[in-house]
Amino acid sequence: MAQDLKDTLLLPKTDFPMRAGLVQREPGRVAHWEKLQLHGRIQANRANSPKGSFVLHDGPPFTNGDVHIGTALNKTLKDIVNRYKSMQGFRTPYVPGWDCHGLPIEQKVSREIKEQNLTLTTAQLRAKCDEFSESWIKKQTEQFKRIGVLADWANEYKTKAPAFEADVLRTFAAFVEQGLVYRSKKPVYWSIPFETALAEAEIEYKDHTSIAIWVKFLVPAAEAAKFGLPADKPLYIVIWTTTPWTIPANLAIALHPEVEYAVVDLGAERIIVAFPLIGTVATAAKLEVMPSAIWPTTFMGAKLEHLQARHPFIDRASPVVLADYVTTDSGTGAVHTAPGHGAEDYLTGLKYKLAIYCPVGDDGKYLDDGQVPADLVGLTTLETVEDLKAKKPAPANLGVLKKLAEAGALLAKAKYAHSYPHCWRSKTPIIFRAVDQWFVSLDKAGHRQLALGEITKIAQHQGWIPAWGEARIRGAVESRPDWCISRQRSWGVPIIAFYGPDKQAWIDAGVIRAVAAKVATSGTNLWYDATPAQILEGVKLPAGWPAPADLTGGRDTLDVWIDSGSTQAAVLKTGQGGTHWPADLYLEGSDQHRGWFQSSLWCSVIAWGGAPYKAVLTHGFIVDKDRQKISKSSTYQKPQTADAYIAQHGADVIRLWIASQDFRDDIPVDDEILKHVGEAYRLFRNTLRFQLSNLFDFDATKHAIAPEKMDMLDRWALHQTAVLIDECTKAYDAYEFHRVYQLCNQFCSVTLSATYHDILKDRLYTLGAAHPLRRSSQTAIHAIFDALVKILAPFITFTADEAWSYATTNQEYSDGSIHLQNWPIAPPEWTNPKLATEMVSRLKYRALVNEAIEPLRAAGKLGKSLDAVVTFQGVHADHEMHAVGQDLSALAELFIVSDVKFTPTAGVTPENSILIEPCAELSYHRCPRCWRWVPKLVHNPHGEVCPRCAEALKS
RNA sequence: GGGCUCAUAGCUCAGUUGGUUAGAGCACGCGCUUGAUAAGCGCGGGGUCGAUGGUUCAAGUCCAUCUGGGCCCA
C-alpha cells in the first residue's frame, strides 16, 4: 500500500548524474566542444554585438615543459574573464600565444647535442630548438584545452613564426629609426676557450683557489691635504681583491658612505682602511698595530668622495666613489672598482661616468691599448684545465703580482679558497669582461616620460588592478637603465646589424625593414644560412655603407623581452583573429610588472606612441598551506603540473579552486583546501541537479506562471535570485571571482538547500502535477536554475554545460551550449524588497522554531519537524509576529511542521513561548502519502489520506 | 639590504566613511531523515581580528614600530 501511494508522488527525476566523474568525463566534453567548434560559434554569435569586442591579450607561456599549475591558474583566470565577457555580449577574440625563443631551450638542446658529441651549425641548432619548442606547443595546447580553456587555437601566435619575427624586427627598426639604438660596452660572463659570452645558467660554481692581494693606492699629498688627511708621510688607500688580473682595469676605489674609516700609521707610511677591518688587514700584512698608531680622527666614507688616488703602476687617477654594496665582512672596506670587469663595478661606473674599460681581448689576453704596461700585454687571464690541476695561477695574475711588487704597492698576498664561476663546457674559470652590446636609449626622445604618462592615464580610469600595480610598474619604468637588447645567443631573433672589415657596426632601419620582409616569408634562419650579399640582394643600402661583399652579419640576437614586448605589434596591431590595439586587458602574474607589462609598454610607446593595454590585472603566486613558495615547501616536492592536479580532482574542481581564491594575493594550495572546494563543487552540482530533477514535467512555454500570480515563497526566491545576479555581476565586473564563489555558495546552501528547496519538496512531490502552487514553484526553479547555471558557467565550465544540456535536451551532449547563452538579467518584477523584509522576520521565527524543536529531538520525542505542531503564545505582544501570523498554513509550510497555532497570552514574549508538541501525542492523524499530520483523514481508493492528497489523487 | 604587498575562526572569504556581545559558507561535534540518498535537514562548540605601542569617549577599521609570508630588485 505504501509503495502504491509513493508511486502517486511526483518525485524528482533526472538523468543528470549525481556523481560527476570529472576526471573520466571531462575529456569527452573537450572533444565535444572541438567538434562543435565552440569558440568559433561563440564569436560568430557575437559578430554584430552592439557591445563590440573585449580583447584580452594573451601573455605567452614559455614552451619548454608541461603546463605548470601556476600557468594553468593564469590561463584559467583568462578563460573565466573571456567566458564572462562573452556572456555579457562582447565579442571576445582570444588569440593564444607561445614564447619560443630563449636561453632555457637553447641550453637544453645544446646539452643534448653535447651529450651526443655532435657539432651543429647555428642554423642546425636553431632548427633543433624550433622542433623542441614546437613539440611543447602541441603538448601545452592539449593541456590548456583539458582544463577548459577556450581559444582561437587555429589563430595562435608563436614568437618563432616568420611573420612574428618580422614584426619583432620592425619594432627594432622603429627603435633604430628614432636614433635610440647605440653601441656600448657592458660586462658579461666570458668563456675564454670558446670566446663567447655565457648566461648565468651556463655557469657552474666550483671550488677555486685564487690569489687574494692587498694593494696600496697612493693618495697624493695635495689630495690628502685637501680632504683633511695627514700629508707628512706617504698615505695609501688599501684595497683587497681576489682577481689580480683586473688591477690594470682599475678605475676607481669604492667606499661605503656610512662606514667608519681610519688612518693607520705604519711608521714610514700610513694606510686608510675601514675601522672594523684594521685587525684583519694587520694580520694579513703581518703587522702589529698599536692603538696609538690609529689616527684619532675617524671619518665616514662619504667624506672622501671624489678624492683622486693613483693607480699603482699605471699613470692615471683612481678616484674614490661611494657604493652601498661595500661591506666590512672581509677585505679592507675599500673596493677595487673595474667597471669593465664586474656587474656592481659597472653600475658604479655608470653612476660616476667612468669608462667601461676592458683591456682584455676575446682571447683573454691583455691588449696593447697604450695603457696596459708593455710587459703585461699578451699575457692571458685564462687558467687552463691543466693549470688548474697543477695549481698554476694564470700568467696575467703572476704578471700583475710582479708589477705590484716592483711598484711597492703590494701590502700582502694570500691564497684564497672560494666558490668561483666556471664555464659549463670548458670547465675553466670564467672572467667577467665588458663587450660591445646594443642599447636602446629610453630618455633620448622622451619615451620615459611618455611611458610614465601612459601609466598615469591608465591609473586615472582604474586600469591597474589591484591599484598598487601602478606603483610597481612606475618604479620599474623610472629606475630602468637604458635597455641592453643584444644577447650572444643563437635561439632568438637576430639583430640585423652588419660589420665592416674594420669591425665597424652598420645598422639602418630601412635595411632592417627590408630584411624583415624577407624574414616574413623565409624565417630568420635566412640570416644564418645566407651570405650578407644574398641577404641584401635587392636592398637599397644607405649612402656610405660598405659593399655587401665586405660586410659580415652580426651574430647577436635580440633580448627575448623584445620578442614578447612585440606581441602587441604582431597580434593587436595586425588585428590577428579579430583583436584590436590597445587591448582591453592584460592578465598575468605580478612579476610581470617588471617583465612583460614593462617590455610591452616600452615597445608600444616607442613604436606606436601609447600603451598597448587599457587595463592590467595581476594575480599572485601559488604557495603551500603555510604560505611558503612551493619550491621551498617540504610538502610539495613533485613537479607541479596542471595535469597532475586535473588527474586527481578534475578540471572543474581546479577551476573552482582558482575562482574561490582572492587571486590578487598569494594563492595557497593544499589537500584540505582542494577537499573543501570539492565539497562546494558537489553543493553546486547537487543544487543544479535537484532543480533539474524537479522540472522533469515542466515546460516553461506551457506551464509558466506570471510573476504577479506566483506564490509568495517563490517570489521571495526570485527576489533573492535578483539580488544574487546583481551582486555576482558586480563582483565579476570587478574581477572578484572569489566573491561570486562565496555568494553562490551561500545562495545554494542557505537560501536554496536549507530553506527554499527544503520547503518546496512538499509542494512539488505531493500536489497535483498542474496545481498552481506547484507550477508556481517550478516556474521559479526554472528561472533560478537558468540564472545560477549561467553565473557558474565561467567557473565550472564542464559541469554547467552538462547541466545545460540536460536542461534543454535531457541528453549529456547537445548542439547548444551554456557558453552561447547571454548573461542573466533579473526582470524588474522579481525585485520585491517589501516581501524580502517580511521574509526576514518569518525566517527569524523559523530559526526559533528549529531551536525549540531540538530539545525534543534530543529527548527522542521527535524526529522530523513535520511530526511537530507549533503553538505561539503571547503573540499579540509582538507586532512583527502579528504580521507574520496572517496565514497559518503558509507558516506551517515555511517551518516544515504539520500545524501552527496561536494562543494569545498576555505577558509572554514569543522568544520563550514557542511550544513544540509531537503530533502523535495530540489528536492528529498522519497522512501516509504526504506525511503531514492533519485533524482528519478521508477515504480514498488508495486508503486513508489527508484531504489535500485526496484532491491531488483525483487528477 | 631596498621597492611594492599581504596577515580576521581549522580552511576560504565578508566586515561601507573608526561606534552596540566580530559575520558567512565549509570543516568539526552531536542529533534527525532515508521521497535530492556516495544526498538532505537541525542544533552546537570555535576568533584576545599577526605582535607591540600610540591617536580617540570609542579601533579589526587611523598612525608608528616589529614579526612572518609573497613578488621584484640588489
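By convention in this document, chain letters (A, B, ...) are assigned in the order of the sequence lines, proteins followed by strands, and residues within each chain are numbered from 1. Values in this document were obtained by computation on a predicted structure and should not be read as measured data.
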Distance between the [atom1] atoms of [N] and [M], in whole angstroms?
| N | M | atom1 | result |
| --- | --- | --- | --- |
| G29(B) | A64(B) | P | 45 Å |
| A58(B) | U12(B) | C1' | 31 Å |
| U56(B) | G31(B) | C1' | 48 Å |
| G1(B) | G19(B) | C1' | 42 Å |
| G60(B) | G18(B) | P | 13 Å |
| C49(B) | U8(B) | P | 11 Å |
| U65(B) | C6(B) | P | 16 Å |
| G45(B) | G40(B) | P | 23 Å |

Under 3.5 Å, N/O pairs linking protein and nucleotides 49-51 of chain B:
none

Taking only N and O in the side chain of [X], is any of them less than 4.0 Å away from OP1 or OP2 of [N]?
| X | N | answer |
| --- | --- | --- |
| Ser753(A) | C41(B) | yes |
| His593(A) | C73(B) | no |
| Lys629(A) | C71(B) | yes |
| Arg627(A) | U12(B) | yes |

Parallel, tilted or perpendicular: which fits the ring planes of Tyr845(A) and Phe872(A), with parallel below 30° and perpendicular above 60°?
-> perpendicular
Give the ring-plane orientation class for Tyr613(A) versus Tyr586(A), where under 30° counts as parallel, over 60° as perpendicular and anything between as tilted.
-> perpendicular
In whole Å, what is the span from the [atom1] atom of [X] to the [atom2] atom of [N]?
| X | N | atom1 | atom2 | answer |
| --- | --- | --- | --- | --- |
| Asp624(A) | G68(B) | CG | C1' | 14 Å |
| Glu344(A) | A74(B) | CD | P | 10 Å |
| His256(A) | G2(B) | NE2 | P | 11 Å |
| Gln661(A) | C6(B) | CD | C1' | 14 Å |
| Lys761(A) | U34(B) | NZ | P | 11 Å |
| Phe895(A) | G42(B) | CZ | C1' | 15 Å |
| Lys625(A) | G68(B) | NZ | C1' | 16 Å |
| Tyr765(A) | A39(B) | OH | C1' | 11 Å |

How many angstroms lie between atom CG of Asp671(A) and atom NE2 of His649(A), to the nearest 0.5 angstrom?
-> 6.0 Å
Applying a 4.0 Å non-hydrogen cut-off, can you work out what [X] is touching in the nucleic acid: base, sugar-phosphate, or nothing?
| X | result |
| --- | --- |
| Arg685(A) | nothing |
| Asp662(A) | sugar-phosphate |
| Asp666(A) | base |
| Ser590(A) | sugar-phosphate |
| Ile673(A) | sugar-phosphate |
| Pro481(A) | nothing |
| Pro855(A) | nothing |

Honestly, is Arg929(A) close enough over Trp931(A), meaning NZ or CZ under 6.0 Å from the six-membered ring centre and within 45° of the axis?
-> no
Phe16(A) six-ring face occupied by Arg685(A) cation (under 6.0 Å, within 45°) = yes
Reading nucleotides 22-33 of chain B from the 5' end, what letters show protein touch, with B for base, S for backbone sugar-phosphate only, - for no heavy atom under 4.0 Å?
-> --BSSS----SS
Select one nucleotide: of G35(B), A36(B), C41(B), the one nearest the side-chain heavy atoms of Met18(A).
-> A36(B)
Give a yes or no on whether a donor-acceptor pair under 3.5 Å exists between the nucleobase atoms of A36(B), that is its base, and the side chain of Arg689(A).
-> no
Using side chain to side chain donor-acceptor pair (under 3.5 Å) as the criterion, point out the one residue from Asn694(A), Thr779(A), Asp697(A) that pairs with Arg774(A).
-> Asp697(A)
Check against ring pair (Phe, Tyr, Trp, His ring centres under 6.0 Å), Phe795(A) and Tyr741(A) | CA-CA 9 Å; Phe795(A) 296 170; Tyr741(A) 170 86; 7.6 Å; no
Starting from the 5' end of RNA chain B, give me the residue, Thr755(A) or Arg682(A), whose nearest nucleotide shows up first.
-> Arg682(A)
5'-most by nearest nucleotide on RNA chain B - Arg472(A) or Arg846(A) | Arg846(A)
I'd like to know if the side chain of [X] pairs up with that of [Y] as donor and acceptor (distance under 3.5 Å, no hydrogens or angles considered).
| X | Y | answer |
| --- | --- | --- |
| Asp99(A) | Ser564(A) | no |
| Asp345(A) | Thr337(A) | no |
| Arg472(A) | Ser590(A) | no |

Should the heavy atoms of other residues, nucleotides or ligands under 6.0 Å from NZ of Lys864(A) be counted, would the total exceed 12?
-> yes
For RNA chain B, write out the stems as range with range, using runs of 3 or more consecutive Watson-Crick or G-U pairs with both distances under 3.5 Å.
-> B:1-7 with B:67-73, B:10-13 with B:23-26, B:28-32 with B:40-44, B:50-54 with B:62-66
Show the numbers, then the answer: is there a ring pair (Phe, Tyr, Trp, His ring centres under 6.0 Å) between His757(A) and Phe690(A)?
-> CA-CA 8 Å; His757(A) 285 171; Phe690(A) 179 83; 4.6 Å; yes
Counting N and O atoms only, with roles assigned by atom type, does the side chain of Glu260(A) sit under 3.5 Å from a partner on the main chain of Ala274(A), one being a donor and the other an acceptor?
-> no
Tyr765(A) versus Pro12(A), closest heavy-atom pair with distance = CE2-CD, 3.3 Å
